[in-house]
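Atoms within a ligand are numbered from 1 in the order they appear, just like the ligands themselves.
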Amino acid sequence: MKKLKIFLLISVLGLLFSCTTQNTKLNTESPYRKQVDSILNLMTLDEKIGQTVLFTSGWDVTGPSMNDNYKEYIKQGKVGAVFNAFTTRYTKELQQIAVEETRLGIPLLFGYDVIHGHRTIFPIPLAESCSWDMKLIEKSARIAATEASAEGIHWTFAPMVDIARDPRWGRISEGAGEDTYLGSRIAKARVRGFQGDNLSKENTILACAKHFAAYGAAQAGRDYHTVDMSERELRSIYLPPFKAAVDEGVATFMTSFNELDGIPASANTFLLKDILRNEWGFKGFVVTDYTSINEMIPHGYAKDEKHAGELATNAGVDMDMQGSVYLNHLKLLIEEGKVSEEQINSAVRRILEMKFSLGLFDNPYRYIDPEREKETVLSKHHLETARKVARESMVLLKNENHLLPLSKEKKIALIGPLANDEASIIGNWSAAGDRKGAAVSVLEGFIKKIGEENIRYEKGCEIIGGDFSRFNKAVEVTRNSDVIVMVMGEHQNMSGEAASRTNLSLPGLQRDLIKSIKKTGKPIVLILMNGRPLTLTWEDQNVAAILETWFPGTMGGHAVADIIFGDDNPSGKLTTTFPRNVGQIPVYYNMKNTGRPIDPNKPDEKYKSKYLDVSNKPLYPFGYGLSYTSFTYDVNINDKVFRPNSEIIVSAKITNTGDYDGEEIAQLYIHDKVRSITPPLKELKGFKKISLKKGESKTITFSISTNDLRFYDQEMNYRYEPGEFELFVGGSSDLPFTHSFELMELNK
Ligand code: GLC
């Protein structure tokens, strides 16, 4: 009865205050401060420490599992949040323990890795980034939040905003590719999608910017490996997408596993206090990645868990994911004066403020609505949207003699280990995705599109492994076909976390299978399903058409069929460079020129920055992607000279000169020719996606101000410098500059 009284008191406090405050944008002072402090004053130290503890349920495991008696811990008030628990039934069971069986009845926060969809799985984030469509990316996250919140989830560990330039790193699949400008805009779109315009709405969930910071720069692309870089590189390339998430009001941050410049991220005061709190004014809470506090010991940075807990708390970590370090050591650290109770109060305040912002103190069961769960999950609208996003995410890499799109009358031999796959097609981090049943394979999509009488299917080989025994059967099914479509690539678990690879060729015998099929002399269309750039030099030289579909999600098979048979025209553009071979890595579009660049007129000249055995150019560059139609650009700039208080206007008249309606992603690249820190060869500074009917023209414009020309100078000031610039607008990053302009001093 006493518990009920206390909970009622908290609820009354919550109602009293919450009806007067609507928290629309986070990262401003919380409107719930009064009621949070009133609860904080009721809490014992043990109860406060309990709020800083995050445990996984037994439902899913996303790392080394450490505790399975989390229900007992909830009952004892030792847990503030649980992850990997979903469905209204299960979250209600756990929430009832917290609300009705603990002294204060403080509701739990339920978190989950809703990375690219919840039940309706969208293309992997790297795929979505290739759509360059911010509204579509936001809509994808919005649907993910709608479905997740219908199953009791309050918080997603997304967006992952790590810039990645190394395809050996499996987690490149979870982000937005190699470019900071594009990655920052995608970070904002995803935060908007997950959090909506008001967290008090029950179809919105807390977002989490991860992994802070520079996790994608792991040495040699080896997951969890060392990260060491200049502050200039960190601030220029890796931090802006996190800042963009803060500016968009992201509710939480997650620290990364890696060390940065010798200090593990979960103990890194420079990151967590100097930058995140003091420079950026972040007001949400910081959770560690899975047991990353404990991992300070193997990092050689803490002598034991208690020491690690002291370092993490004093660096600014608010919540310990799965590590039990805060649970087991914080009380003693406070008694020993190594951590102040005020620091715990600050952490608990931030956590409780988020629970208030979700309305959990008004009603801890408001996200538990079986009716909403039934009508929302895998709805027709969600599936149709997932199909559209999948189409927009696909990148046409090659289309010799306009082989694609295929006529629906063609006789198709459909071959390959991923042609009839319903598991890998939804990619890694597909969490609650409905692996069996809802996902549509390419075979199913083709049959639905053209009927089964014109399709003959044979798997041919496994994704990995050395079994040649089905090659002959595969060759046999090509006998009466007009064209061969091969669906090849990676298994869903060959990218994502703990999935670094040093050989990026098609795995197993897949290339051998293509070689066998190629002997038939019939044209081959290669459809790729993969979570990272692969090395495809042989394939590029030996098959007629290549479509990159990444892992296209629940509706992937239908989306592939839409593109292959011409019901939609591919428009995706690569957001990550495809190297010719692993030896080229890292290779990305905005590299530096060096002091000995290759002279294009003398490519064989020695003593230049190049390789003896391969070109410096990647196989497919950032920003590249073909269409079934073609586009021309007529670009003009309004002036050749401008001053800091004015701007350059770039206009591009784009014409669809081909035979299909289509979409074009026009990209603006700028090169600062001389400055006090060596400039990259070029930098993306704008993009626009437009639809053009065949024969149609449209003019788009970009404005360039001094804000677009800033960099970190020798004193780490973020500023522009007058001087010569050149630019171009086009459909890929590997095009020549066409215009130049000069930025004058203000007073000249
Ligand atoms: C994992 C991942 C992180 C994820 C977390 C919870 O180790 O690094 O991205 O959100 O644990 O599953």
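Neither the backbone nor the side chain of M160 comes within 4.0 Å of ligand 1, counting heavy atoms alone. With a 4.0 Å heavy-atom cut-off, ligand 1 is reached by no atom of E174. Contacts with ligand 1 closer than 4.0 Å are made by no heavy atom of Q322, backbone or side chain.
Within the 3.5 Å criterion, the main-chain N or O of E202 finds a donor-acceptor partner in the side chain of R372. Without hydrogens or angle criteria, T288 side chain to M321 main chain gives a donor-acceptor distance under 3.5 Å.
Each of I585, D223, N503 was compared with R168 under the side chain to side chain contact (heavy atoms under 4.5 Å, CB included) criterion, and only I585 meets it.
Comparing N84, D113, I115, T156 by heavy-atom distance to atom 4 (C) of ligand 1, the nearest is D113.
Each of the following atoms of ligand 1 lies closer than 4.0 Å to a heavy atom of F157: 6 (C), 10 (O). Using a 4.0 Å cut-off to heavy atoms of Y290, the atoms of ligand 1 that qualify are 7 (O), 11 (O). Atom numbering of ligand 1 starts at 1 in the shown order; those under 4.0 Å from a heavy atom of H211 are 3 (C), 8 (O), 9 (O). Those atoms of ligand 1 with a heavy atom of F83 less than 4.0 angstrom away are 6 (C), 12 (O). Within the listing of ligand 1, atoms 3 (C), 4 (C), 9 (O), 10 (O) sit less than 4.0 angstrom from a heavy atom of K210. Taking every non-hydrogen atom of M254 and a distance limit under 4.0 Å, the qualifying atoms of ligand 1 come out as 10 (O).
With a 6.0 Å cutoff to the six-membered ring centre and a 45° limit on the axis angle, R190 does not count as a cation-pi contact of F194.
Residues R532 and E490 are paired through a salt bridge, judged by an N-O separation under 4.0 Å between the basic side chain and the carboxylate.
By the neighbour-count criterion of 12 heavy atoms within 6.0 Å, atom CZ of R222 is sparsely surrounded, having that number or fewer from other residues, nucleotides or ligands.
Ring centroid separation for the pair F356 and Y32 comes in under the 6.0 Å cut-off. For W132 and Y181, the gap between ring centers reaches or exceeds 6.0 Å.
At a 4.0 Å cut-off, at least one heavy atom of F257 sits close enough to ligand 1 to count as contact.
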